[in-house]
Amino acid sequence: MFDEREKRLTSRTLSRIQIMVNVENPWAKFKKQVIKALHLASGQDLSRYLEIPGDPQHGDLACTAAFHLAQQLKKSPAEIAKELAFFDPIQFPLIEQVVAHGPYVNFYINIIPYRRLVVEAIQADGPLYGKTKRFAGKHVVVEYPAVNPNNPLHIGHARNAVLGDTVARLMQAVGYDVTRMDYINDLGLQIAVAYWALKHLDASEYKGKYDQVIGRLYVDAQDKYDEAQVRQYLKLMEEGYNEMASEARKMSERVLRAHHKTHDRLNVHHDLLVWESDIAHSGLFAKGLKKIMEAPTASRPTGGEKAGCVIVDLGAYEEFKQLKDTEKVLVRSDGVATYTGKDIVFHFWKFGVIPDPFKYQPFKSPKARENEIWTTKQQGEEGHYRPADVIYNVIGMPQSQEQRTVYLTLETLGYIKASANYYHLAYEFVTLPDARISGRKGTWIGQSTDDILRESTRRARKEVKKRNPEADARFLRQVAEAVGSAAIRYALLKVAVEKQIVFKWEDMLNFDGNAAPYLMYTHARASSILQKEAAPKTARLSSLSSPFETELIKLLGRFPALILEVVEGIHREVWGTRIELFHLAEYTYALSVAFNAFYNHCPVLKAKTPGLKNARLLLVDLSRQVLSNALELLGITPLERI
RNA sequence: GGGCCCGUGGCCUAGUAGGAUAUGGCGCCGGAUUGCGGAUCCGGAGAUCCGGGGUUCAAAUCCCUGCGGGCCCGCCA
């Protein structure tokens with residue numbers, strides 16, 4: 001196998017990282033001094049043996065290298081630890097002390113110069129604190145959530161959308177140019193059935209959002225629809241350029257606008273929509289097929305079971321050898337492309353292997369700014385797509401074999417770099433306690449994302465009203481909406497992507513503890529102090545001596561490093577990609593906990609001396625800023641009052 | 001038949017290139033407000049880390065095996 005992390009971090013990138021980190025990242029600066037100190041003591045790079053101790057008593061950074069060096073040096077780990085614990089305070093001003101604790105070497109941050117660094121960094125960068133230009137100039141395309149336009153979003157779709165949108169925010173934070181893409185399959189059987197239902201069933205009993213209406217009709221149509229008629233619709237849609245196809249497209253666009261209402265509530269955004277019907281009528285596939293045939297693994301058998309098909313043989317790859325049949329059909333014997341075949345060609349286009357055949361128009365979505373969203377269309381402008389350097393597809397775990405087939409085919413064609421920069425962000429599904437969520441069976445009815453948002457917002461409104469009895473209706477509505485939807489977004493984000501979520505109302509709507517309202521409340525609390533008295537630009541930081549203040553400052557300093565760690569931690573596995581997005585949630589929660597502890601133990605406005613008050617006001621100001629930045633990264637709107 | 005993901009207090013969850021008394025939340029019990037918003041804070045009880053073997057100075061983490069839940073192995077998408 002291969003290690004993507006090593007592949008990606010070439011020596012050139014590595015040297016660049018160190019320069020950047022050195023300039024703007026307090027935590028990295030401390031860590032660098034620790035690594036250097038260890039190097040001086042041991043003559044080697046021991047950075048891989050560093051860890052953050054679980055118990056703060058054991059320092060801010062600990063080295064476990066002594067265990068590993070014991071055999072080599074034929075000494076006891078404790079002895080080695082003692083030797084490693086040597087350091088020079090003049091050379092390493094950010095290290096306060098180094099203690100050999102048994103076999104461990106514990107490094108303690110020197111808070112006096114460190115907090116100076118933290119204050120300066122946050123004040124200099126403000127809302128940009130945490131962001132870097134590490135990947136500037138590179139273009140990443142993130143695709144999500146690709147919901148078929150014949151259903152409203154169920155909670156599993158919401159998980160996909162929220163993950164994708166957050167990945168896009170993360171990529172932006174490290175300097176990528178990001179295209180937030182959605183792929184809309186408006187050509188499948190499910191659309192033909194939905195269209196049939198629209199034409200033949202009575203929609204009058206269903207009111208409300210268009211996607212809900214179509215979704216209900218689609219469920220109703222399952223045991224009623226006329227197969228011959230639906231087949232005819234499907235054929236017309238695939239041919240295109242006819243009245244029926246254009247009506248079906250309109251239906252799908254209307255459903256998509258309804259989806260965008262849900263996206264807006266979740267703070268999920270897009271730049272570019274790509275429609276299957278436009279791909280089908282663009283001539284893209286014919287060009288792509290030519291490319292596919294250049295692959296040494298592709299062929300068109302003349303005899304046997306797959307006579308007349310276009311196939312790709314994956315037998316060269318170890319993990320595909322286990323399959324019953326290593327030959328994957330890309331074009332059926334009747335000449336129709338399979339899903340995998342289409343997907344391979346689609347990715348040729350994404351990476352710029354095939355010139356862009358599409359025309360584009362702005363897509364009007366309820367809350368989108370003018371020209372924010374563009375869509376492929378039969379008529380329109382050209383040149384609204386720039387090929388990707390890196391691709392993230394947020395697609396369910398069950399499709400990992402198909403996704404791997406796509407990028408391995410790119411590899412066999414010689415597009416090694418493109419293939420290596422293809423990330424299938426595989427996430428596990430959300431299930432109901434006793435069933436799968438099924439669009440066809442309608443198990444989503446009554447618990448679609450819209451329903452969950454409505455209930456969440458209703459509960460939030462009750463809480464907001466309780467705390468702001470004087471507030472006007474507008475304030476109530478806006479805050480309830482922000483808090484209610486953030487709760488859902490955060491609930492989906494804080495769980496590791498490879499973990500299945502069983503949907504339960506009470507889990508999703510929990511507002512206490514590690515949940516979005518707590519984070520937002522913390523931000524509002526900090527803002528409330530600053531409204532009563534503005535923070536100074538400078539203050540005597542030496543008065544900040546309580547452990548609550550120190551802990552808070554240390555956390556503030558970790559934010560930029562944390563973002564980079566999440567991005568650097570992304571690595572491909574055989575089936576899917578590891579990405580630890582929940583670390584962003586975890587950090588924001590930890591920061592909130594630290595701030596609330598500080599708040600409850602250290603009076604700010606009524607501090608004992610004016611100097612202390614000033615210093616604490618400054619600390620509140622910095623905390624509010626970083627909390628705000630972290631919330632933005634999570635797609636949660638930081639409010640001054642909730 | 002082959003393969004993938006998950007299994008951690010009543011419930012949810014972090015920790016898996018081995019390392020210090022296993023993280024946090026919900027729920028439960030007790031406490032804090034004449035000090036900036038109590039959607040807060042402080043404390044407590046609660047764990048055979050799915051079972052069984054093995055490797056190691058050291059295993060939730062690695063190996064083998066079994067069990068449970070979810071999923072994949074289409075000329076469907």
Side-chain angles (χ1 to χ4, degrees), chain A residues 3 48-49 51 53-55 57-58 62 64 66-68 70-71 76-77 101-104 106 148 185 187-190 276 305-306 308-311 319-325 328-334 336-343 396-402 426 428-429 431 436 460 463-464 466-468 483 494-496 498-502 504 506-507 510-515 517-522 524-533 573-576 580 582-583 586 589-590 592-593 595-607 616-617 620 641-642:
Chain A
D3 185 347
R48 54 179 295 215
Y49 300 117
E51 59 183 39
D55 184 348
Q57 297 245 315
H58 296 134
T64 58
F67 290 109
H68 306 273
Q71 243 180 0
S76 79
H101 189 264
Y104 298 90
N106 298 331
N148 288 337
N185 188 354
L187 278 194
L189 178 73
Q190 70 281 359
E276 179 61 28
E305 259 190 346
K306 300 206 173 79
C309 296
V310 172
I311 59 163
E319 68 281 1
F320 281 100
K321 282 186 183 147
Q322 319 295 332
L323 299 181
K324 282 182 194 152
D325 184 357
K328 179 72 203 165
V329 174
L330 304 183
V331 180
R332 294 190 274 167
S333 53
D334 63 3
V336 177
T338 64
Y339 173 76
T340 306
K342 289 190 234 173
D343 210 16
M397 193 88 82
Q399 288 202 57
S400 34
Q401 199 161 291
E402 190 273 342
E428 265 296 352
F429 283 162
T431 64
R436 291 186 63 160
E463 296 296 316
V464 177
K466 202 159 75 189
R467 291 168 182 80
N468 302 276
V483 173
K494 73 171 178 181
V495 181
E498 66 271 17
K499 215 108 174 181
Q500 198 175 70
I501 297 179
V502 177
K504 286 183 192 129
E506 62 271 28
D507 291 348
N510 177 28
F511 286 4
D512 296 320
N514 190 358
Y518 175 82
L519 313 177
M520 298 174 86
Y521 174 75
T522 309
R525 216 178 201 188
S527 304
S528 164
I529 294 180
L530 296 168
Q531 252 159 27
K532 293 193 168 68
E533 192 158 342
E573 297 186 329
V574 177
W575 309 107
E580 291 170 332
F582 64 82
H583 281 319
E586 200 178 58
Y589 177 66
S592 301
V593 169
F595 182 82
N596 283 317
F598 158 75
Y599 180 96
N600 274 282
H601 292 94
C602 309
V604 179
L605 297 179
K606 302 205 174 160
R616 284 183 176 165
L617 268 171
V620 172
R641 255 181 81 202
I642 69 170

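Naming: A, B, ... by sequence-line order, numbering from 1 per chain. FYI, side chains are in, hydrogens and waters are out, and symmetry mates aren't considered; it's all heavy atoms of this structure.
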Listed by chain and number, what are the side-chain hydrogen bond (donor to acceptor under 3.5 Å, both in side chains) partners of [X], not counting sequence neighbours?
| X | result |
| --- | --- |
| A/Tyr518 | A/Asn596 |
| A/Arg436 | none |
| A/Ser76 | A/Glu79 |
| A/Glu586 | A/His583 |

Distance between [atom1] atoms of [N] and [M] (Å, rounded):
| N | M | atom1 | answer |
| --- | --- | --- | --- |
| B/C75 | B/U61 | C1' | 44 Å |
| B/C36 | B/G31 | C1' | 22 Å |
| B/C29 | B/C72 | P | 43 Å |
| B/C12 | B/C28 | C1' | 16 Å |
| B/C4 | B/U21 | P | 34 Å |
| B/U13 | B/U23 | C1' | 9 Å |
| B/G25 | B/A17 | C1' | 29 Å |
| B/A77 | B/C63 | C1' | 39 Å |

Got a donor-acceptor pair under 3.5 Å from the side chain of A/Asn596 to the base of B/A39? no
With sequence neighbours excluded, tell me which residues meet side-chain contact (heavy atoms from CB on, under 4.5 Å) with A/Lys494. A/Tyr490, A/Asn514, A/Ala585
Who passes side-chain contact (heavy atoms from CB on, under 4.5 Å) against A/Lys532, sequence neighbours left out? A/Ser528, A/Leu605
Taking 4.0 Å as the cut-off, does a side-chain nitrogen or oxygen of A/Arg467 come that near to OP1 or OP2 on B/G37? no
B/A14 OP1/OP2 closer than 4.0 Å to side-chain N/O of A/Lys499: yes
Which base, if any, makes a Watson-Crick or G-U wobble pair with [N], both distances under 3.5 Å?
| N | value |
| --- | --- |
| B/C4 | B/G70 |
| B/G9 | none |
| B/A39 | none |

B/U40 P sits how many Å from A/Phe595 CZ, rounded? 14 Å
B/G18 P sits how many Å from A/Arg48 CZ, rounded? 8 Å
Reading nucleotides 54-64 of chain B 5' to 3', which nucleotides get B (base under 4.0 Å from a protein heavy atom), which S (sugar-phosphate only), which -? -----------
How does protein contact run along nucleotides 68-77 of chain B, one letter per nucleotide 5' to 3', with B for base contact, S for sugar-phosphate only, - for none, heavy atoms under 4.0 Å? --SSSS-BSB
Partners meeting salt bridge (Lys or Arg N to Asp or Glu O under 4.0 Å) with A/Glu498 (sequence neighbours left out): A/Arg578
May I ask you to say what [X] touches in the nucleic acid, namely base, sugar-phosphate or nothing, with a heavy-atom cut-off under 4.0 Å?
| X | result |
| --- | --- |
| A/Lys606 | base |
| A/His601 | sugar-phosphate |
| A/Ala496 | sugar-phosphate |

Are more than 12 heavy atoms, taken from residues, nucleotides or ligands other than A/Glu506, located less than 6.0 Å from that residue's CD atom? yes
Count the heavy atoms of every other residue, nucleotide or ligand shown that sit under 6.0 Å from CD of A/Glu305, and state whether that count exceeds 12. no
Determine, step by step, whether A/Asp325 and A/Lys306 satisfy the side chain to side chain contact (heavy atoms under 4.5 Å, CB included) criterion, reporting the C-alpha distance in whole Å, the side-chain angles of both residues, the deciding distance to 0.1 Å, and the verdict. CA-CA 11 Å; A/Asp325 184 357; A/Lys306 300 206 173 79; 2.4 Å; yes
Nearest-0.5 Å distance that lies between atom OG1 in A/Thr340 and atom CD in A/Glu402: 4.5 Å
Under 3.5 Å, which N/O atoms of the protein pair with N/O atoms of nucleotides 24-26 of chain B?
none

Only counting residues at least two apart or in another chain, list the ones meeting ring pair (Phe, Tyr, Trp, His ring centres under 6.0 Å) with A/Phe320. A/Trp575
All ring pair (Phe, Tyr, Trp, His ring centres under 6.0 Å) counterparts of A/Tyr599, not counting sequence neighbours: none
